[in-house]
Amino acid sequence: MELRDENGGIVDLVRYRISVAKQDIADGKLLLENNSLLSANNRIYYAMFHAINAVHGMDGNGYKRHKDAIAKFNEVYVANGIFPREFGRIIHRAEDLRHSSDYDDFPNLDESLSRELLRAAEEIVLSIEDYLEKRLAKEVL
């Protein structure tokens, strides 16, 4: 696999997607601190989603639909034990909460759930970042 070219490559893509996921975490924290649960729930979910897309980018894959990206992540990485099954469940919960926050007229907001998912998102993003850095180190060598 070619990891770099003159226009950037997979390494750049993977690191960019992880940086976006980290920014989503930071934004989610700020939004929670300012009692903006609807927007915080959106950023918390997207932190996980962007991290998942970093993994797919490492494989040279991309998915237009969220459900396809999540399903492939669960199929390849969760089902094979690379990431814990709990990650799949957390991502599903965060996606449901984001949908409700973004689209429902009267979403059932629960600050404790948002905070729980933020902590989980931090764990998922750090775990994925660690996995990708190890993979990149092996592939570059």
Side-chain angles (χ1 to χ4, degrees), residues 1-105 107-141:
M1 169 191 306
E2 177 60 39
L3 292 177
R4 278 195 147 315
D5 63 25
E6 64 278 356
N7 297 318
I10 290 175
V11 171
D12 299 312
L13 175 66
V14 166
R15 289 199 171 127
Y16 171 75
R17 288 179 176 175
I18 285 295
S19 74
V20 170
K22 288 177 167 181
Q23 184 62 55
D24 290 334
I25 294 284
D27 293 345
K29 285 180 182 179
L30 284 172
L31 291 162
L32 272 176
E33 288 171 11
N34 289 288
N35 298 313
S36 183
L37 291 178
L38 293 173
S39 296
N41 293 337
N42 179 284
R43 293 297 86 201
I44 292 165
Y45 165 74
Y46 272 100
M48 297 179 209
F49 180 74
H50 288 129
I52 288 169
N53 273 336
V55 174
H56 292 315
M58 185 69 195
D59 294 332
N61 297 322
Y63 301 92
K64 292 192 184 278
R65 297 184 324 168
H66 287 228
K67 72 178 192 174
D68 295 337
I70 293 167
K72 195 60 156 178
F73 178 78
N74 286 331
E75 175 188 326
V76 174
Y77 292 94
V78 172
N80 290 315
I82 296 168
F83 294 106
R85 288 201 180 278
E86 185 63 18
F87 281 14
R89 288 188 285 274
I90 291 166
I91 292 162
H92 181 71
R93 285 179 71 201
E95 183 182 31
D96 287 347
L97 185 59
R98 184 200 60 97
H99 279 153
S100 177
S101 295
D102 286 353
Y103 302 117
D104 291 353
D105 288 326
N108 184 12
L109 298 176
D110 178 350
E111 183 179 351
S112 64
L113 176 58
S114 297
R115 290 192 182 283
E116 175 188 331
L117 289 173
L118 176 63
R119 285 187 297 276
E122 290 175 302
E123 179 184 346
I124 288 170
V125 170
L126 287 173
S127 181
I128 287 175
E129 180 181 33
D130 183 58
Y131 166 79
L132 290 171
E133 287 298 331
K134 287 176 183 171
R135 248 187 93 184
L136 285 170
K138 285 180 188 176
E139 304 238 2
V140 170
L141 296 177

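Hydrogens, waters and symmetry mates play no part in the numbers below; they use all other heavy atoms, side chains included.
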What is the distance from atom [atom1] of [X] to atom [atom2] of [Y], rounded to the nearest 0.5 Å?
X: Ile90; Y: Ile44; atom1: CD1; atom2: CD1; result: 12.0 Å
X: Leu30; Y: Ser39; atom1: CG; atom2: OG; result: 12.0 Å
X: His99; Y: His66; atom1: NE2; atom2: NE2; result: 7.5 Å
X: Leu126; Y: Ile25; atom1: CG; atom2: CD1; result: 8.0 Å
X: Phe73; Y: Asp59; atom1: CZ; atom2: CG; result: 11.0 Å
X: Phe87; Y: Tyr77; atom1: CZ; atom2: OH; result: 14.0 Å

Between [X] (side chain) and [Y] (backbone), is there a donor-acceptor pair under 3.5 Å?
X: His50; Y: Asp24; result: no
X: Asn41; Y: Leu37; result: yes
X: Ser101; Y: Leu97; result: yes
X: Asn74; Y: Ala71; result: no
X: Ser19; Y: Tyr16; result: yes

With a 4.0 Å cut-off on N to O distance, would you call [X] and [Y] a salt bridge?
X: Arg119; Y: Glu123; value: no
X: Arg17; Y: Glu129; value: no
X: Glu86; Y: Arg89; value: yes
X: Glu75; Y: Lys72; value: yes

Are the side chains of Ile70 and His92 in touch, meaning some heavy atoms are under 4.5 Å apart? no

